[in-house]
Chemist: 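Pasting in a structure now, in structure tokens, and then I'll have a few things to ask.
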Amino acid sequence: MGKRIRILAMGGTIAGSAADSAATTGYQAGAVGVAELLAAVPQVRAVAEVSGEQLATIDSKDITAAVQLQMVRRVRELLLAADVDGIVITHGTDTLEESAYLLDLVHFADKPVVITGAMRPSTALSADGPLNLLDAVRVAADDKARDRGVLVVLNNAIHSAQAVTKLATMAVETFQSPNGGAIGAVNDGEVVFYHNSQLHHLPQALSISEKLTSQQELPYVPILYGHSDDDGRLVKVTVDQGGKGIVYAGMGNGSIPAQAEAELAAAVKQGVLVIRASSSALGMVAKAEESYEQAGFVASGCLNPRKARLLLQVALSVGASAAAVKNWLKI
Ligand code: ASP
């Protein structure tokens, strides 16, 4: 019996439809259903027993916490289901890395979860979606993909959810892992892994995922983008509006202009969790100024601001302390 792979379709450009096959912008994302997506790639049937379900039909820039939690809920059910060997999610690329990271945080099984998407709509000349979907199924059905957490597969490359980011605005090779590179590839159908995954499951992933499944929303956490002459007024606005977490996308190694730092330090004193991340695409955020440590800011490590935001949202959902978040980031 072949591997039983469940496809969860979320929408995005992979399911996009344009009036003109030469167009790669100006299309309607999420217009094509999962049955049609699968019908375009009959080769998947030779790789695995696939079945599909439509979870959403959105342009992923519009994903909400409610939809993210619905995805967590469904993936949790499928991770626990005895009749499913692997999961493939088709997703818009704009927030693909966020969904991948969120699912990786609460991944608790050795079952592969693979997320894919496309940069060109399904109706385009040289659409990249069909091969990406076939490759994603190949990876999900491969025993070598077990126990590697959530994987992102596009453009023949395999990436860890924690490390990958959409680096380019329009290129088909947009997904890159700037610090360590791709961990594997699908070479003409053959799945190979060059490196181990950067696993990022939370220690209590099973119970945390269960807690999240009972929620309809996630706590509000903004990302404040650091820039010259930042006087920290948006920090104040966030705290005044009851925000309990802030990600500050600082400069370089998470540097924060003095006035904004003072506001963030005052926020921590009022019980707000602050993660110090970076607007730089490469490298990590580690210990910097002593004052940041004293203020209680948590350095984001290798997480980019959008992933750090999800980590904070999960932390706030389960009442985790800054010390617990620091520990999570060491995983
Ligand atoms: N805006 C689209 C989305 O994220 C882009 C894509 O899928 O590539 O749904």
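Heads up: numbering here begins at 1 and tracks the sequence. Order of listing sets the numbers, starting from 1, for every ligand and every atom in it.
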Chemist: Does Ala118 have a heavy atom less than 4.0 Å from any atom of ligand 1?
Modeler: yes
Chemist: Taking atom CZ as the centre, does Arg146 end up with more than 12 heavy-atom neighbours from other residues, nucleotides or ligands that are less than 6.0 angstrom away?
Modeler: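 Enclosed.
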Chemist: Report yes or no: is the cationic atom of Arg148 (NZ for Lys, CZ for Arg) under 6.0 Å from the centre of the six-membered ring of Phe193, at an angle within 45° of the ring normal?
Modeler: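 Yes, a cation-pi geometry holds between Arg148 and Phe193.
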Chemist: Tell me, yes or no, whether the heavy-atom count around Gln54 atom CD, taken from other residues, nucleotides or ligands under 6.0 Å, exceeds 12.
Modeler: yes
Chemist: Counting heavy atoms only, name the option from Asp128, Thr174, Thr24, Asp59 that's nearest to atom 3 (C) of ligand 1.
Modeler: Asp59
Chemist: Could you find the nearest protein heavy atom to atom 8 (O) of ligand 1 and give me its residue, atom name and distance?
Modeler: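 Answer, as residue, atom name and distance: Thr93 OG1, 2.3 Å.
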Chemist: Answer yes or no: does an N/O atom from Asp94 fall short of 3.5 Å to an N/O atom of ligand 1?
Modeler: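 N/O-N/O distance under 3.5 Å: yes.
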Chemist: A side-chain contact here means heavy atoms from C-beta on lying under 4.5 Å apart; do Met119 and Thr174 qualify?
Modeler: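 When only atoms from C-beta onward are counted, Thr174 and Met119 do touch, with a gap below 4.5 Å.
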Chemist: Take atom CD in Glu293; do more than 12 heavy atoms of anything else shown fall under 6.0 Å from it?
Modeler: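 Yes - once you tally the heavy atoms of other residues, nucleotides and ligands closer than 6.0 Å, there are more than 12.
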Chemist: Just to confirm my output: which protein heavy-atom neighbour is closest to atom 9 (O) of ligand 1, and how far is it?
Modeler: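 Answer for atom 9 (O) of ligand 1: Ser60 N, 2.7 Å.
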Chemist: Within ligand 1, which atoms have a heavy atom of Gly12 less than 4.0 Å away?
Modeler: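 So the answer, numbered in order with elements, is 7 (O), 9 (O).
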Chemist: Name the closest protein heavy atom to atom 5 (C) of ligand 1, giving the residue it belongs to and the distance to 0.1 Å.
Modeler: Thr13 OG1, 3.1 Å
Chemist: Any carboxylate oxygen within less than 4.0 angstrom of a Lys/Arg side-chain nitrogen, looking at Arg4 and Glu49?
Modeler: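 Salt bridge between Arg4 and Glu49, a charged N being under 4.0 Å from a carboxylate O: no.
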